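Note sheet for the following structure.
Bear in mind that the values here come from a model prediction, so they are computed numbers and not experimental data. Side chains included, hydrogens not; waters and symmetry mates left out as well; all remaining heavy atoms used. Each chain gets a letter, A, B and so on, in the order its sequence line appears, and its residues count up from 1.
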Amino acid sequence: MVASRFKHIVWFRNDLRIYDNPALFRAAEEQEGVLAVYFICHEMLENHVTASVRIDFIRRHLLQLNNDLAELNIPLVVISTDKTKEIIPQLKKLIDKYQVEGLFLNAEYPIDEFNRDKQVADELRKQEIVVKRSHDRVIIPPGMIRNGKGEPYKVFTAFKKNWLQQARALALEPLKKPKTQPPHGATVITDAEINKQFKTLEQRDLSKLWPAGEKEAAKRLKAFIKNHIHDYDTGRDFPDLDGTSQLSPYLAIGSISPRQCIAAALHANRGELDSGNAGVTTWIGELIWRDFYQHVVVDFPDVCKYKAMQKHTEAFPWRYDKSLFNAWCDGETGIPIVDAAMLQLKDTGWMHNRLRMVVAMFLTKNLQIDWRMGERYFMTQLIDGDFAANNGGWQWSASTGTDAAPYFRIFNPVSQSQRFDADGAFIRRYLPALAKVPAKVIHSPPPTPGYSLPIVDLSLSRKETIALFGALKS
DNA sequence: TGCGTTTTTGG
DNA sequence: CAAAAACGC
Ligand SMILES: Cc1cc2nc3c(=O)[nH]c(=O)nc-3n(C[C@H](O)[C@H](O)[C@H](O)COP(=O)(O)OP(=O)(O)OC[C@H]3O[C@@H](n4cnc5c(N)ncnc54)[C@H](O)[C@@H]3O)c2cc1C
């Protein structure tokens, strides 16, 4: 039996992968023993209304991660806690038990996670423990993209210009495989023990739709680059096609890094970031949007406290009508594209980006319901739920965000449906009651058995919303 | 990655 | 008069 001593702990969170994981990579460099830990913190999961499909996705990822880490001689410890404050004593216990000297983690930006990590770091540093924080969730770390006055950008196009300039100077290469550690004597956690840490197991089995693990994520990235990225600029708008990567669950949970994504995209575009194939550059543009919203959370932490980015929009008279809201959640608005999209979300834990914009605009601009209610409901359902991207998407749709859709630029869900689901194939996928309705009228169907009439007048509510926004003084 | 309405254009 | 352009929100 080899003595169990680990020089470093890697605390895994939304970075459940071995490759291109800077915290793990750095901890492993010295090859003096690494212990991996994952906390299932029920207080945090509940406060953040984490979707049950997401929790199950975490569980399935931990099973994979455990195997992958074992090959590097890194044991994984999975600890379930009721309260966030239990994490510090739990870490201290591990530190004492294994004579640990350093804690390595990848940064998380939303305020609760940020504060938690700061408290942990402050506390451990008092005990002479080295705490090293890396940035893996973004391609360019927060704080790096600044205008001439040293301030963060509020407009995406300006952010993007600066981002591209800096990106050109970076290698954008994923890290090499982390070093294998010396053999250790600690017992390795079993699948059953990992499963046992999860209070209730998700009933729905989404393991076919969303298989867990970084191998699966890498496979999907490869397939997307091979089959779809070159037509992404045109294909991404049609919800019935597989025109997008569907990598968001993997990026959110961190079984793939954005740097691995951009490296693969560059490889398919002769290394060009913003020239060459339009599909590739458009996709890179989405990865930059992703960085932008992560940076917004760091630079404007008020967004984590239910605040609108544009202060004057706080005065908008949002409605809180329970029955209209429930109809939206349950896909019973009588607007086929909205209903089909909401059922896709419920069924699969994912929704096409075009449809996220359509349903978010419908909730905020036609039903005039507070965007925060939609934001919250999305988090309860999404397998790819990410605070920054979700808040950014909602504030964009509600016209409360920085560089949001202007308040008067309101989508008409029926015209969106006609443009992007012209033959109604996506609608029919989720609304069997409309199976026989012809394409010409399916977007706004005549009274049909088993399908309800619209719960709101699109034209009237649009006019009203524009007037209400117009009356706000900015 | 907006829509609805009005005005202009070319015949 | 239909289509395109322009305009305001
Ligand atoms: C109201 C609303 C809520 C959203 N909530 C989330 C969320 O909780 N989590 C989430 O990851 N995305 C969210 N998005 C952004 C976007 O809809 C999804 O990232 C995208 O649909 C995921 O599909 P994909 O992986 O096939 O994307 P692709 O089109 O293949 O794009 C590649 C990656 O880029 C990132 N990305 C793409 N578009 C955006 C965007 N607009 N903003 C930020 N990142 C983007 C994602 O990580 C995505 O996986 C939201 C958008 C809206 C309008």
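- The only member of A/Arg13, A/Glu108, A/Lys118 that meets side-chain contact (heavy atoms from CB on, under 4.5 Å) when paired with A/Glu113 is A/Glu108.
- Between the P atom of C/dC7 and the CD1 atom of A/Ile466 lies a distance of 19 Å, rounded to the nearest Å.
- If you take OH of A/Tyr407 and P of C/dG8, they are 13 Å apart, rounded to a whole angstrom.
- For the contact set between residues 410-426 of chain A and DNA chain B, defined by any heavy atom under 4.0 Å, the members are A/Ile410, A/Phe411, A/Asn412, A/Ser415, A/Gln416, A/Arg419, A/Phe420.
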Apply ring pair (Phe, Tyr, Trp, His ring centres under 6.0 Å) to residues A/His48 and A/Phe387 and explain how you reach the verdict. CA-CA 9 Å; A/His48 295 171; A/Phe387 180 82; 7.8 Å; no
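- To the nearest angstrom, C1' of B/dT1 lies 14 Å from CG of A/Asp233.
- If you take CE of A/Met357 and P of B/dT1, they are 8 Å apart, rounded to a whole angstrom.
- In this structure, the side chains of A/Ser461 and A/Phe362 stay at 4.5 Å or more apart for every pair of heavy atoms.
- A side-chain donor-acceptor contact under 3.5 Å links A/His443 to the backbone of A/Ala422.
- Per the geometry, CZ belonging to A/Arg409 stands 5 Å off P belonging to B/dG2, to the nearest Å.
- Between the side chain of A/Arg290 and the main chain of A/Pro258, no donor-acceptor pair closer than 3.5 Å is present.
- In this structure, the CG atom of A/Leu460 is 18 Å from the P atom of B/dC3, given to the nearest Å.
- In this structure, A/Arg236 reaches the bases: a heavy-atom distance under 4.0 Å links it to at least one base atom across the strands shown.
- Nucleotide B/dC3 holds its P atom 14 Å from the NE2 atom of A/His443, rounded to whole Å.
- For the residue pair A/Lys215 / A/Ser255, no side-chain donor-acceptor distance below 3.5 Å is found, with atom types taken as modelled.
- If you take CE of A/Met361 and P of B/dG2, they are 8 Å apart, rounded to a whole angstrom.
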